[in-house]
Amino acid sequence: MELLLYILLMAVWVGHLAEAAKVVPMGIRRRAHGATDRKRDLPAITLTNDIPMGSYETNVTVGTPPQALTVVVDTGSSDIWFFSPEAVKHCKGGCLGGSFDAGRSSTYSIVHPDGFIIGYGDESGAAGDYISDTLRLGLITLKNVTMAIASVTQGFDMPPGASVMGIGLDLGESIVDQNSPPYSGMLRNLVDQDRINSRTFSLWLDDLQSTTGSILFGGVDTDKYVGTLKVLDIRGNATSGVKDRFLVNWTSLAVSNTSGSIKISQEGFSTPVLLDSGTSLSHVPVSIFHSLLENLGGHALAQQPYPEMALGCVPCELEGTLDFGFGGIDPVVSVPFSELAIPESASQDKLCPLRQDGSQACMFGLAASVDPDQSIILGDTFLRSAYAVYDLDNKLIALGQSNTNSTSSNVVEVPAGGLRSMMAGS
Ligand SMILES: *[C@@H]1O[C@H](CO)[C@@H](O)[C@H](O)[C@H]1NC(C)=O
Ligand SMILES: *[C@@H]1O[C@H](CO)[C@@H](O)[C@H](O)[C@H]1NC(C)=O
Ligand SMILES: *[C@@H]1O[C@H](CO)[C@@H](O)[C@H](O)[C@H]1NC(C)=O
Ligand SMILES: *[C@@H]1O[C@H](CO)[C@@H](O)[C@H](O)[C@H]1NC(C)=O
Ligand SMILES: *[C@@H]1O[C@H](CO)[C@@H](O)[C@H](O)[C@H]1NC(C)=O
Ligand SMILES: *[C@@H]1O[C@H](CO)[C@@H](O)[C@H](O)[C@H]1NC(C)=O
């Protein structure tokens, strides 16, 4: 079902012209570094700061008086957490973004002692207390937000360790893994404290050339995408059926250029995929990875640095797009190859050797998910070409083609009832 959300949004927008919009915008910035996140996508040894990779961060303050922290914006997890001053001392590679000293905050209280334990794909992890305190986002102040302080960490020896703003579904919180009920996440605080109308946010990373993007709580910026947004149901976990992560059905993949389009996915292809801003690369099924490399004149690395994923190299000068379909075969997001052929810096050991004609190969922005237990993930290499609206109330994700390089803005408030009432109200 293709929904003409753009037109609907325009109708809602016109209706709201008179009111001040209840939205909370925040700037985000890509920090380039080697080990790109706790999922540690790329080998820290070979990738250094000048590689156009990294995680998307934003600035917040916590506590009273406010302590400034930088956090990674992560749609793949659901807890907001910071390092304790003690934990930061053990980050040998240096933890980015600072630490939170609860003892210096007059508004802090403990909610669940030792309730927070989180593990990431690379076996790093963090643990500590769930607390409640004041959180400032952009220009607004939220009271009584449940967050966690990591007093114990593991596997953060390599840079970057960074505090995280997990903005996933409440059922994805670490406390649910400890068999406790979920707590109300920050999006609920935003609604309850009358800052936004429904638990929705939109994420725009912009392209690889840009190091800044934006996250908009409670709104949709119709200037930041082209065409219409396709509304997808979040799907449940394949085993339990529980909707606890931002998973949707990915249903087609094609390679296109000026001479035509080649279907890569098989007839009837459908796989749950996590839309995860906290993962730098995209992790696709092995068969897709290999047929893509074959089609693009690339190759898998002879020596793979990780057991759970395979990395590849492609010609740097590829032209065309990789077209992703969701809930049908029509492309919803086309990722230009210029976003997927990532140059390695001159100053480092190269993973991708020179090609036979002496020209440089580029790192491929998609990796194969070798371990069948690992999720299929569309990370930043995909999301930079997408505009995504996450609706936690209705468990919907509206996805479309990013209007990269856009400098204008047309912010539409999402009404109470979220995307569903936006669609029904038109
Ligand atoms: C966060 O603050 C640091 C230090 O003031 C600044 O360099 C950085 O650009 C800020 N990041 C964002 C996303 O605003
Ligand atoms: C803080 O939030 C929790 C739920 O997350 C609630 O039980 C508690 O009453 C709130 N406290 C205040 C002071 O608002
Ligand atoms: C996802 O695809 C499966 C079949 O592969 C289907 O059973 C399920 O209903 C789909 N879920 C959504 C939310 O579209
Ligand atoms: C589904 O749930 C199981 C058990 O809760 C978990 O081990 C698995 O990682 C989940 N799968 C996904 C794709 O989230
Ligand atoms: C277009 O794609 C086809 C098939 O993958 C390839 O043979 C051809 O060289 C490509 N053309 C351009 C201009 O990249
Ligand atoms: C966006 O701007 C960059 C340079 O700043 C340029 O390389 C790229 O082609 C532009 N993208 C689009 C879609 O115009």
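The first residue of the sequence shown is numbered 1, and numbering continues consecutively from there. Because the structure is a prediction, the values reported are computed rather than measured. First listed ligand is number 1; within each ligand, the first listed atom is number 1.
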What are the atoms of ligand 1, with element, lying closer than 4.0 Å to any heavy atom of Glu57?
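Near Glu57, the atoms of ligand 1 are 13 (C).
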Per-atom contacts, ligand 1 versus Gly27 - under 4.0 Å to a heavy atom:
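The list of qualifying atoms is 13 (C).
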So, [X] versus [Y]: side-chain donor-acceptor pair below 3.5 Å or not?
{"X": "Asn59", "Y": "Thr70", "result": "yes"}
{"X": "Thr64", "Y": "Thr107", "result": "yes"}
{"X": "Asp323", "Y": "Thr321", "result": "yes"}
{"X": "Asp79", "Y": "Tyr130", "result": "yes"}

Contact check: Thr258 vs ligand 5, nitrogen or oxygen atoms, below 3.5 angstrom:
no
Those residues that, when tested against Phe289, pass ring-ring contact (aromatic ring centres under 6.0 Å, His included) (two or more places apart):
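ring-ring contact (aromatic ring centres under 6.0 Å, His included) check on Phe289 returns nothing, list empty.
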Which N/O atoms of ligand 3 sit under 3.5 Å from a protein N/O, and at what distances?
residue  : atom   : partner : partner atom : Å
ligand 3 : 2 (O)  : Asn249  : OD1          : 3.4
ligand 3 : 2 (O)  : Asn249  : ND2          : 2.3
ligand 3 : 5 (O)  : Ser270  : OG           : 3.4
ligand 3 : 11 (N) : Asn249  : ND2          : 2.9
ligand 3 : 14 (O) : Asn249  : ND2          : 3.2

Phe269 ring center near Trp250 ring center (under 6.0 Å)
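Yes, the ring centres sit under 6.0 Å apart.
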Return the set of residues passing side-chain contact (heavy atoms from CB on, under 4.5 Å) with Leu171 (not counting sequence neighbours), or none when no residue passes.
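For Leu171, the residues satisfying side-chain contact (heavy atoms from CB on, under 4.5 Å) (neighbours in sequence not counted) are Pro182, Val242, Asp244.
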Asp129: which residues meet the salt bridge (Lys or Arg N to Asp or Glu O under 4.0 Å) condition with it, sequence neighbours left out?
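Scan of Asp129 (salt bridge (Lys or Arg N to Asp or Glu O under 4.0 Å), adjacent residues dropped) gives none.
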How does Ile262 reach ligand 5, by side chain, by backbone, by both or by neither, if only non-hydrogen atoms under 4.0 Å count?
side chain
Tell me whether ligand 5 is touched by Gly320 - counting only heavy atoms on the residue side and a distance under 4.0 Å.
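No.
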Can you say whether the rings of Trp81 and Phe83 are parallel (under 30°), tilted (30 to 60°) or perpendicular (over 60°)?
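Taking Phe83 first and then Trp81, their aromatic rings stand perpendicular (interplane angle over 60°).
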What do you reckon, does Thr70 have a nitrogen or oxygen under 3.5 Å from a nitrogen or oxygen of ligand 1?
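Between Thr70 and ligand 1 (N or O atoms, distance only) the closest approach is not under 3.5 Å.
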